[in-house]
Protein chains: 2
Amino acid sequence: MTEKDYEKARIAVDAVIFTVQDKSLKVLLHAREKEPFKDKKELPGGLIRGNETAEDTLKRKLQEIIGQQDIFFQQFFSFTEPSRDPRERTISIGFIALVNSENIGHINEWYAFGSLPELAFDHKKIISRAKHYLKENVSSLIVKQFMPKQFPLNKLQEIYELIEEIKYDNRNFRKKMITSGIVEETPDIEKNVSHRPAKLYSFKI
Amino acid sequence: MTEKDYEKARIAVDAVIFTVQDKSLKVLLHAREKEPFKDKKELPGGLIRGNETAEDTLKRKLQEIIGQQDIFFQQFFSFTEPSRDPRERTISIGFIALVNSENIGHINEWYAFGSLPELAFDHKKIISRAKHYLKENVSSLIVKQFMPKQFPLNKLQEIYELIEEIKYDNRNFRKKMITSGIVEETPDIEKNVSHRPAKLYSFKI
DNA sequence: GCAAAAGTGTTATTGGTACACCCATGC
DNA sequence: GCATGGGTGTACCAATAACACTTTTGC
């Protein structure tokens, strides 16, 4: 092959699936069973099929992994280093996917973003770019994906703080969420907590 | 081929090269010389080579088309519809590139974004997504790419207005640019204009 | 002196920031 | 009654929005 060759390549999608658990931002990783990078952790993903868009592939993979259809996801970057896969040229279309930590009890492969294990391929770079994208694009639509239908405002503040890596003043945060019309009070309150139970809110939009 | 096949594909980059000329946002298009879509307009772009990243390919193409090395560009989306190229499966990594309308006098294939001709492939969709990306991500870094070293503030306002598709109050716009430290006055003024000559400003950052 | 675009200040409103104490519940 | 997190109001400052007339130049 000369440098002028227009080589074909395999097309993969890689999903950086985020959730929030135990006050930390987590990413789903699988252990690799084969070489290369055997026993290292990797992002879930796979090759696209002949009749699929990258988005179709991602939906199929999310169904396999999480067993849900309606998961929020978004392309954020395509990784094209010629040597990123040592076997054969493979470009990867990177996606973020966001899941609410309820209803994922069956999955126990979540790793805190702040202390990731060693990763296969360029997956460390993919995750770090995904997190950066998330931070630069926070919005109520984004944080909504992490929340149950009803939630205490302090839980919502926690999500913003984890994504943006800043702290908010609790009084100002509450005022902003309520006056900007992002959330509204529900008639319900927290149950079975050993402190004053919080009012529950829901997204208005 | 069954639907389970993991087909390889050609990888292309397509560049939506924007500039501002005659108070309008323009895009560079070439006429296709071959089928399919012969004589329709298309975005400049090309296939990536075996030893290139998508970014390398784009740099090479920009050098060929514009003859400059230091052009600002950024990935914004990858297009993966299986049928987007009728010949053979080809995915396209979409880039925006931004050029200052000085020093592009030799290129006369600019088309106003507001009145584009018929386009080959899915290039209409690519351009519309590129424009949306530009609008959602305006920043001083972005507008800077369209400006010469020194410019009147009203010229800068024009760029913001074209990208964001809104109008600014001239007094408030000037105040904001100056007090936020984005620009600074230079000792120079406009020449050879048949009206009051404007002070020239430059980017501070 | 006319056409064309440049340049300028004040006021009102809104949104953001800073800050400390009491409240409701379970154990 | 103590530990735990929930919940609240005010004052100050900064940023934004609305608004109309004068200035400088070339012709």
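Basis for what follows: all heavy atoms, side chains included, without hydrogens, waters or symmetry-related copies. A, B, ... follow the sequence lines: proteins, then strands. Residue 1 opens every chain.
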Counting the benzene-type ring for Trp, do F77(B) and F77(A) have ring centres under 6.0 Å apart? no
When the ring centroid of F173(B) is compared with that of Y160(B), is the distance short of 6.0 Å? yes
Please report the distance, rounded to the nearest Å, between [atom1] in [X] and [atom2] in [N].
X       : N       : atom1 : atom2 : answer
N170(B) : dT23(D) : CG    : P     : 17 Å
E190(B) : dT25(D) : CD    : P     : 12 Å
K176(A) : dG7(D)  : NZ    : P     : 19 Å
F173(A) : dG7(D)  : CZ    : P     : 13 Å
D169(A) : dC12(D) : CG    : P     : 17 Å
I178(B) : dG9(C)  : CD1   : P     : 11 Å

Check the orientation of F73(A) and F95(A). Use parallel for under 30°, tilted for 30 to 60°, and perpendicular for over 60°. perpendicular
Can you give me the N/O atom pairs linking the protein to nucleotides 24-27 of chain C at distances under 3.5 Å, or say none if there are none?
from, atom 1, to, atom 2, distance (Å)
dA24(C), N3, R196(A), N, 3.2

When you compare the side chains of [X] and [Y], does any donor N or O come within less than 3.5 Å of an acceptor on the partner?
X       : Y       : result
Q68(A)  : Q63(A)  : no
Q157(B) : N170(B) : yes
T57(B)  : E52(B)  : yes

So is K131(A) actually on top of F113(A)'s ring, under 6.0 Å and inside 45° of the axis? yes
Polar-atom pairs under 3.5 Å, protein N or O versus N or O of nucleotides 10-14 of chain C: list them with distances, or write none.
from, atom 1, to, atom 2, distance (Å)
dT10(C), O4, K175(B), NZ, 2.9

Interface with DNA chain C, restricted to residues 150-161 of chain A and to heavy atoms under 4.0 Å: none
Strictly below 4.0 Å: does R174(A) bring a side-chain N or O up to OP1 or OP2 of dG7(D)? yes
Under a 4.0 Å N-O cut-off, is there an ion pair linking [X] with [Y]?
X       : Y       : result
E158(A) : K23(A)  : yes
K135(A) : E165(A) : yes
R10(B)  : D85(B)  : yes

Shortest side-chain distance from A198(A), nucleotide among dG7(D), dC19(C), dA6(C): dG7(D)
Regarding dA20(D), can its base be found pairing with the side chain of R171(B) as donor and acceptor, where the two atoms are less than 3.5 Å apart? yes
Counting heavy atoms not belonging to H132(B), are there more than 12 under 6.0 Å from its NE2? no
